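Working notes, beginning with the structure itself.
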2 protein chains.
Amino acid sequence: MTTPTGDQALIKRINTAIVLECILRGAPLSRAQISEQSGLNKATVSSLVQDLIDGSLVREIGTGQSSGGRKPVMLEFVATSGYAIGIDLGVNYIRGALVDMRGEIVAERTSSLRDSEPGAAFEQLCGCIEALIAEAPASPYGIVGIGVGVPGIVDENGTILFAPNLQWRDVPLQRMLSERFGLHVTIDNEANAGALGEQKYGAGRSIANLVYVSVGIGIGTGLILHKSLYKGSAGYSGEMGHLSIEAHGLSCTCGNRGCWELYASEQALLKQASSLGFGDLEELLSAADSGRQDVLELFAGIGEYLGIGIANIVNVFNPDAVIIGNRMSQARPWLENSLRQTVVQRALGFHLRKVQLLFAELGERSAMMGAAEMAISGFFSRIKSA
Amino acid sequence: MTTPTGDQALIKRINTAIVLECILRGAPLSRAQISEQSGLNKATVSSLVQDLIDGSLVREIGTGQSSGGRKPVMLEFVATSGYAIGIDLGVNYIRGALVDMRGEIVAERTSSLRDSEPGAAFEQLCGCIEALIAEAPASPYGIVGIGVGVPGIVDENGTILFAPNLQWRDVPLQRMLSERFGLHVTIDNEANAGALGEQKYGAGRSIANLVYVSVGIGIGTGLILHKSLYKGSAGYSGEMGHLSIEAHGLSCTCGNRGCWELYASEQALLKQASSLGFGDLEELLSAADSGRQDVLELFAGIGEYLGIGIANIVNVFNPDAVIIGNRMSQARPWLENSLRQTVVQRALGFHLRKVQLLFAELGERSAMMGAAEMAISGFFSRIKSA
DNA sequence: GAAACTTAGTTTATTGAATAGACAAACTAA
DNA sequence: TTAGTTTGTCTATTCAATAAACTAAGTTTC
């Protein structure tokens, strides 16, 4: 009633998960190797592997190299046992992908958001999802779920409480999508999705504690602590864009003053750049690329402010890595120096021994891949508890 | 080898823990009630309870009220099955307690630290521990462990890497104490210990996500996320005293600028108060108590700066509660208004719906009780895995 | 006050998961 | 060929949880 009680089914779930994990990590490997790596008895492994084969999640792919005895039968995860949809719903675009169970992209669609009003945007979103579903090959489990990253605060029921740049309030996107498609739907904010994406498929692969800093129009952060997303008490932690770094600085629409994102986001950059005659990030990037001094100084300034906030993050979380993602990560060449210098100057020495400063490997796909990962891991946790 | 594999012993450990948890929570209750609350079968509960009785951790205390059938045999946890030592090693004091397994204080000793040089302090600490051990009644498990909270950064091996106000560096306190006493020793920093103490025995009882802000000479924080201490990658997270709240503010010894503790700690208060002719916190408290206007304004100012940092904490962690502890919590009557006002003004509205702002209930005993709790929970996790 | 119900806790037989160890299958090396 | 090795399965055993029957000890009802 209260706590999940322990019985034999629990053991089996645990051990099945261990076996599956071994296969996912170790690519082609034999039952004997799984037994050795996991510490499980050979007989146990055989039995669990058989169940996984019966469940179409694993298959035999012929014999491997002998090392002086009987040849091993190699196993691999069946990446095509099902497919997941990952969506990055941006302020002015929709980016979606159909991925297999290993996160390989099978189909991808990007379109600009024609009308950000909730009703119209929802229809466009559904269109994108339908098109992706139509491209899915036949598979044992079909579409295992839909994950969506959104630029706003999401509660534990998948309702978008507030998306400032879309001007949305209280949009129950999870319910809407699951009613429409009859599939499992997970909604989370763009930064959490990005964090998951980088942790699973990108720069932070298998790092236990990392902070993903999504620097776009605003700044969002996704926290992965002890290998899992930390969401706070009501599901909306990580609003670090509104960390105050100047107690008596600029007033922010959030009610606070001196919020980080007023100094270090794309918006902050563009505001300063407007007096130089630049209108968007792309123009600034190419100007920097061609070496314009004033633009380089602009980027260095943003880098410094990013560093101030990141030093705070490092001091608070002592993470293994901080990953800078979203649009601003494209400016890496012109940010990195001043950013690193500031962090080294400002973070406590003990932390610096270990923390890595990384840039997103998936580029603009971090959030989309993370959204897909939410769907995939949702599927795995369902089959584990069934 | 890698992952802990699941077997029947694991089930038994899990279920024993569930049963014990029920008994710890539900005070006197019967086997039948445990079965109902936990969902475990009556027979299973009977068997596990018998093991716990054999292990002296639980005892029968006679029959209870019948509700229309056979009278139940009531069970309770044997709080005196063992004792733990909890120590708060301060900058200028040593506070220690002998507590039973339920955290009731059996004996307590406080002394001022005569000489903060590591060798001398260690001897005084050992003296305190010896005296407390001598007061322990005979019990099945004896002294189950020693927990120590220290004002500094501690690594995963219980070595004090750096304690600025004690001027200690690289003191392997855990090894020193466990060699001396032959007991299990846990060391953690004072803020982590305080967080644990308040979460287990104080204002934050059974709250899942809380941030304990220890406002003393400096500011430290202890993070309890998902009901367990979050320690970061190397064991020293939570250095929020060095969160920069004024990007271009005062220079701090840590290398950063505008650190929170330069504006909101006891040290900050005393610095401002010196021009008014006050030398320590106690004088200021009594002046405030007698209504001196300038002193009240001083406290209000500190309250505001505390609020600025706490608003940041709330935005970052979305905790269920923030608990203000250590010496400055005594100033609650004169801080609370300006503090609450600032937090309400600066934290994002969504968070405020849920977050509670609390003051430490254990007062100066938070860290000591948390240290004892570290020893007790260490004991429980040992008997679970044995 | 006896019969009928209720509740507490134990006993018994069963289920199912993991395991050790025996074993068969399939290979290498000499 | 023969000896040794490695892989994977089979068999008997152990152990924890469980359902169901059962004993024990009450209360309620008429």
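None of these values were measured; they are calculated from a predicted model. So you know, we letter chains A, B, ... as the sequences are listed, proteins then strands, and number each from 1. When reading the values below, keep in mind they use all heavy atoms of this one structure, side chains included, and skip hydrogens, waters and symmetry mates.
Among the atoms of the strands shown, base atoms are found under 4.0 Å from some heavy atom of Lys42(B). Note on Ala43(B): a base of the nucleic acid sits closer than 4.0 angstrom, heavy atoms only. Val45(B) comes within 4.0 angstrom of nothing in the nucleic acid, heavy atoms only.
For Asn41(A) and dA12(D), the CG to C1' distance is 13 Å, given to the nearest whole Å. dA16(D) atom C1' lies 12 Å from atom CG of Leu10(A), rounded to whole Å. Distance Leu48(B) CG to dA16(D) P: 9 Å, rounded to the nearest Å. In this structure, Gln8(B) places its CD atom 16 Å from P of dT13(D), rounding to the nearest Å. Regarding Arg31(A), its CZ atom lies at a distance of 14 Å from the C1' atom of dC10(D), rounded to whole Å. One atom, CD1 of Ile11(B), and another, P of dT18(D), lie 9 Å apart when rounded to the nearest Å.
Scanning both residues, Ser81(B) and Pro140(B), for their nearest heavy atoms gives O-CD, 3.4 Å. Across Val144(B) and His184(B), no two heavy atoms sit closer than the pair O-CB, 4.2 Å. Heavy atoms only, all atoms of each residue included: Leu362(A) and Glu198(A) are closest at N-OE2, 3.0 Å. In terms of heavy atoms, Ile376(A) sits closest to Ala84(A) at CG1-CB, 3.7 Å.
Among Leu177(A), Val185(A), Leu98(A), the one residue that satisfies the side-chain contact (heavy atoms from CB on, under 4.5 Å) test with Ile85(A) is Leu98(A).
Of all nucleotides in DNA chain C having an atom under 4.0 Å from a heavy atom of chain B, the first and last in 5' to 3' order are dT6(C) to dA18(C).
Near DNA chain C, meaning a heavy atom under 4.0 Å from it, residues 60-69 of chain B has Ser67(B), Gly68(B), Gly69(B) in order of number.
Sequence order on DNA chain C of the closest nucleotides to Lys12(A) and Arg70(A) puts Lys12(A) first from the 5' end.
The structure places CD1 of Ile53(A) at 11.0 Å from CZ of Arg59(A), a figure rounded to the nearest 0.5 Å.
Phosphate contact (OP1/OP2 of dT9(D), side-chain N/O of Ser46(A), threshold under 4.0 Å): present.
Checked for salt-bridge contact, Glu60(A) and Arg31(A) meet the test: a charged N lies under 4.0 Å from a carboxylate O. Salt-bridge check for Arg205(B) with Glu361(B): passed, with a basic side-chain N closer than 4.0 Å to an acidic carboxylate O.
Aromatic pair Phe379(A)/Tyr83(A): ring centres not closer than 6.0 Å.
Nucleotide dA30(C): paired with dT1(D) (Watson-Crick or G-U wobble, both distances less than 3.5 Å).
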